[in-house]
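First the structure, in the form of structure tokens, and then the observations on it.
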Amino acid sequence: MSTHTEIVEPDFTKIIDKVTGSEGPVFDNAGNFFVVAPEVEKDGQYAGEVLKVDLKNRKSSLVCAPSINGHGGIPAGCQADKQGGLYIADMRLGILHIKPNGDFEQVSVVDSSGRRMQGCNDCSFDYNGNLWVTAPAGEIASSPYKRSFEEGFGSIYCLTSDRQVVLLETGFRFPNGIAVLHTSERKPEKLIVAETPTRSLWCYDIVEPGVIRNKVLWGKLPDCECESGPDGMDFDEEGNLLVAHWGGGFIEVFPPSGGHPVKRIKCPFDKPSNIHFQPGSNDVYVTEHTNNALWHFQWLHKGMPQYCDI
């Protein structure tokens, strides 16, 4: 990393805490804001929650606690569709769709080739309505829960707009955040995947829904003395990619061409987990694991529009 990388320290404001494993911040197209609490347990079982957050009054309310056949979920990533619903990447249950009233369904237990789905962690819509998903866990429930930073069994999927779940590639060591870079004509062009233990951001060309090629190393996070790596990410309107550096205490800002961070946003906590822009603004909301909290700061640029807003 260049020694000239600028460190910036914006004012952070805590919105809420006590969100166990705080992840998955997202706005829907009605302006509602949601986070997930993946690490909630009840009676010794996983019982993760999807929460709606009143940002003005700094309070949260339960949307649902997904469970399938008695197996509680571990919701970790979240995206909004155009109908006011949410798609959830769940480490135990795979991909879920949640309706505005809190009812939910498991999208599929197998991919398009008949292989059992893996537990999922994060997701990102492209502008054509295809959902790109990371899957670092082992097979979904009722299989035993499995995750590892050392073993390379993680995968990536695409849930196409016609509801086909396509396995794109496997062999990752805990794939985590995921983002889609579009052309100026809003055509999906590049898929960027975070591999947390290696501090790597991998990039693919998007050929068509469910088809990628030409894997290259797009970016690398700065070294850190502690266990750390890239987690959730979001683009600003200038094409910069803001990446939560879990364990590193920064949000790393990569230019549109990748490489090394051009700026580093210093956080008042060590484990930022995910970020999301409020639509049409430079307001950024950050979830983090150090205090199980949600924070806000203002960035230099507005966020890139989301699928649900276009």
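Atoms considered below: every heavy atom in the structure, side chains included; atoms not considered: hydrogens, waters and symmetry mates. This is a predicted model, so every value here is computed, not measured.
The side-chain contact (heavy atoms from CB on, under 4.5 Å) with Ile140 is formed by just one residue from the set Ile95, Val109, Val110, Leu93; it is Val109. Applying the salt bridge (Lys or Arg N to Asp or Glu O under 4.0 Å) test between Arg173 and each of Glu195, Glu151, Glu150 identifies Glu150 as the sole match. For the side-chain contact (heavy atoms from CB on, under 4.5 Å) with Val19, the lone residue among Leu51, Thr287, Val53, Leu294 that qualifies is Leu51.
For Tyr307 and Tyr127, the ring centers sit 6.0 Å or farther from each other.
The pair Lys302-Asp236 does not count as a salt bridge, with every side-chain nitrogen at least 4.0 angstrom from each carboxylate oxygen. Comment: Arg163 engages Glu105 in a salt bridge, judged by a side-chain N to carboxylate O separation of less than 4.0 angstrom. In summary, Lys271 and Glu288 do not engage in a salt bridge, as defined by a charged side-chain N under 4.0 Å from a carboxylate O.
Looking at Glu23 and Asp231, their side chains come closer than 4.5 Å, going by heavy atoms from C-beta outward. The shortest side-chain heavy-atom distance between Leu221 and Trp246 does not fall under the 4.5 Å cut-off. Proximity of Ile265 to Phe297: side-chain heavy atoms (C-beta onward) are separated by under 4.5 Å at one or more points. In this structure, Pro222 and Pro261 have side chains that are in contact, with non-hydrogen atoms separated by less than 4.5 Å.
Residue Val284 is grouped with residue Trp295 when hydrophobic side chains (ILVMFWY) are merged at heavy-atom distances under 4.5 angstrom, including chains of intermediate members.
The two residues Lys266 and Pro10 come nearest to each other via the heavy atoms O-CD, 4.3 Å.
In this structure, Lys14 is not positioned above the aromatic face of Phe269 in the sense of NZ or CZ being under 6.0 Å from the six-membered ring centre and within 45° of the axis.
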With a 3.5 Å cut-off and sequence neighbours excluded, list the donor-acceptor pairs that the side chains of residues 61-74 form with protein atoms.
from  : atom 1 : to    : atom 2 : distance (Å)
Ser67 : OG     : His71 : O      : 3.4

